[in-house]
Number of protein chains: 2
Amino acid sequence: MSSPKTTIKEIASSLGLSIATVSRALNDSCEIHPETRRRVLAKAQELRYKPNIQARNLLKRRNNMIGIVVPEFITFFFPEIIIGIQEVVNKQGYQALICQSNESSSLERKNVEMLEDSMVEGLIVSVTKDSQNIDLYERLIQERTPIVFVNRVLPQLQADQIVIDDRKWAFKMVEHLIKCGYKQIAHLAGNPDLSVSKERLQGYLDALATYNIPIQEQFIMHVGVQQDRAKSGIDYLMVLKEKPDAIFAVNDPIAIGCILELRKRGLNVPKDIAVAGFSESPIGKIMELTSVSQPTFEIGRIAAERLLKQIENYNTLKETIVLDAKLNIRNSTLPQSKRGH
Amino acid sequence: MSSPKTTIKEIASSLGLSIATVSRALNDSCEIHPETRRRVLAKAQELRYKPNIQARNLLKRRNNMIGIVVPEFITFFFPEIIIGIQEVVNKQGYQALICQSNESSSLERKNVEMLEDSMVEGLIVSVTKDSQNIDLYERLIQERTPIVFVNRVLPQLQADQIVIDDRKWAFKMVEHLIKCGYKQIAHLAGNPDLSVSKERLQGYLDALATYNIPIQEQFIMHVGVQQDRAKSGIDYLMVLKEKPDAIFAVNDPIAIGCILELRKRGLNVPKDIAVAGFSESPIGKIMELTSVSQPTFEIGRIAAERLLKQIENYNTLKETIVLDAKLNIRNSTLPQSKRGH
DNA sequence: TTGTAGGCGTTATCAA
DNA sequence: TTGATAACGCCTACAA
């Protein structure tokens, strides 16, 4: 790091050898005398030699770095994905540069460009809530940059995408609410351009249709994905003449925001109204929130594996990999019959 | 990334110039004809030229990378510190390699060594719960590696350390409990080798002494810092003949673990027993947990600034910077008189 | 104002 | 088995 580094050149001169020989000894090539290898290794240790990977990288035209761009890493979700990624790539000698776009598409763009400048060998991306940078990713793909999208994806792109079946699990969630006896089910949806928002909304609509429940437009509102956006949803729903008896929120933060906001108004979940989330969070768990848990670590691991595969050989078929999830039923969606009304 | 990169050499030949001239144009040196600069820049754009920073780094013997090692980044605390760090270093053209040791000192060591191999220019570290790698950090400091410790520090080292006054704020917390009328205050301490554990325990002892409350050894137990470690503390405290009426936990996760564990036993916080945490977490806030909030982003920013200063000139005086914090009183430590007994 | 040439620390291809 | 040498892409004296 800071202290002047010793190079193979110094080892060579202090041993009266050529740098080529030293290099060979260090890379334990077979074409070297065992005795000289021993001397070189000893000297290297003595001089605390550390190879300069920058030089090596320059020569090999790589740097063993990948970039990760996520909307945020304050809550558990993306951190867990990142850990899954690191597990895989570190083992292969890769380091990850991790950026968060703070849900801003312009910062997302800056991050990607920074990572390009750093010459990372590939990218794993989860896009921001407004999905504004399609042109950027189209360029990267056209330039044959290895790239994998996770969770928040851009289905229109020809790229590896790692997701769960949001539509199916949203369906199951709403189906669960219906079977619990709820009839007026509202949906607080996420940002309309976000893949997961669209899918989950679709799942909600599917379920209502399947169970012959008329769709009520006024029960659907796009609020966003961040907890502080829940208030506007509650504000809206709670002044409808006909109020919902259950809310399916696009994710746990919104669901939690709802519960807190309802609490402020003296309303109890699930006594007065049921609430369901998505992408189970630790807070939600503590609050007894029914939710869908995603295999976060696995998402990360598989994304990393796909990316390494692309780096090795870009000409592999790009695919959307759909992982399994799980519906976890808790108190926030107690069946009507058990709510003690 | 993947597609063959264009180099200054190609720009030079396609323009009939020497690479030196091209280089000068690109780095807008003053000693160049405005017209040739224009031509070069145009050509560079046309050929989508991107400088190879590896080559540049090799030449300048730096790589504009720093390393960050934290015990975990699943909860909000370290992520916020990391964001603070990135804010500062990104602005200066640095990238951060972020590693988490998962509270394992051997992984911490591996991480640091990986970062050394990556030739980062400096490190920002928060050590794992058992603080086992002092020898490692002594070596780094002896080799004059720029390094800054945050939050979980090693006071015995001659290095920049960014902290809050854990002892003082623990004192204030316990003082608050005393003033609320609590008399049997237990402390669930963190791992005994951890700087923050020691300081907070000391603050607890200080407060009892100041208010002439006899210290009861059986009210102090080292449980650790992770939520699942709280159970053992409650198990222990709840079988004492004389039970505590308040618990000061080393941090929010332990406090939250306590509340959940107490809840399981049908005990209510604060009705039956008060609980206080430390390093305010979002979950704690929702659970109305009294806690001390730390200026996480600021910790990160200041750590980054100190590190950059060290990188610029290692011979600056190393110091311990103590930032301010805040005691946030909530329902979990309601005054005895208001608990409605 | 521009070109030539040397070097950053390695690896790899030749000869020796 | 070893040594000289040419890259890798860029910057920067120095010379022209």
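Only this structure's heavy atoms are used, side chains among them; waters, hydrogens and symmetry mates stay out. In what follows, chains carry the letters A, B, and so on, assigned in the order in which the sequence lines appear, proteins first and then strands, with residues in each chain numbered from 1. Being a predicted model, the structure only gives us computed values, none of them experimental.
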Contact state string [nucleotides 9-16 of chain C, B base, S sugar-phosphate only, - no protein heavy atom under 4.0 Å]: BBBBB---

ring-ring contact (aromatic ring centres under 6.0 Å, His included) partners of residues 16-62 of chain B, not counting sequence neighbours, each pair once: none

Selection residues 109-159 of chain B - residue pairs positive for ring-ring contact (aromatic ring centres under 6.0 Å, His included), sequence neighbours left out: B:Tyr137-B:Phe149

A:Ser118 side chain to A:Val120 backbone, donor-acceptor under 3.5 Å: no

With sequence neighbours excluded, residues passing salt bridge (Lys or Arg N to Asp or Glu O under 4.0 Å) with B:Glu312: none

Positions of residues 33-45 of chain A (non-hydrogen atom under 4.0 Å from DNA chain C), listed by number: none

Touch class at under 4.0 angstrom, heavy-atom based, for B:Leu17 against every strand present: sugar-phosphate

Contact boundaries on DNA chain D for chain A, cut-off under 4.0 Å to non-hydrogen atoms: D:dT1 to D:dG9

Backbone N/O of A:Tyr94 and side chain of A:Gln92: donor-acceptor pair under 3.5 Å: no

First of A:Val22 and B:Thr21 reached from the 5' end of DNA chain D, by closest nucleotide: A:Val22

Partners passing side-chain hydrogen bond (donor to acceptor under 3.5 Å, both in side chains) against A:Gln86 (at least two apart in sequence or in another chain): none

Bending between helix ends of the helix from C:dT1-D:dA16 to C:dA16-D:dT1 [5 pairs per end, 10° resolution]: 50°

Any side-chain donor near an acceptor of the partner, A:Arg144 and A:Asn315, under 3.5 Å: yes

Summary of ring-ring contact (aromatic ring centres under 6.0 Å, His included) pairs that have at least one residue in residues 113-133 of chain A, sequence neighbours excluded: none

Set of residues satisfying side-chain hydrogen bond (donor to acceptor under 3.5 Å, both in side chains) with respect to A:Ser131, sequence neighbours excluded: none

Pairwise side-chain hydrogen bond (donor to acceptor under 3.5 Å, both in side chains) hits with a residue in residues 147-156 of chain A, at least two apart: A:Glu103-A:Arg152

N/O donor-acceptor pair under 3.5 Å between B:Asn102 side chain and B:Ser104 backbone: no

Partners passing side-chain hydrogen bond (donor to acceptor under 3.5 Å, both in side chains) against A:Gln310 (at least two apart in sequence or in another chain): A:Asp160

Reference residue B:Leu123; test side-chain contact (heavy atoms from CB on, under 4.5 Å); the match among B:Ile66, B:Leu140, B:Leu97: B:Leu140

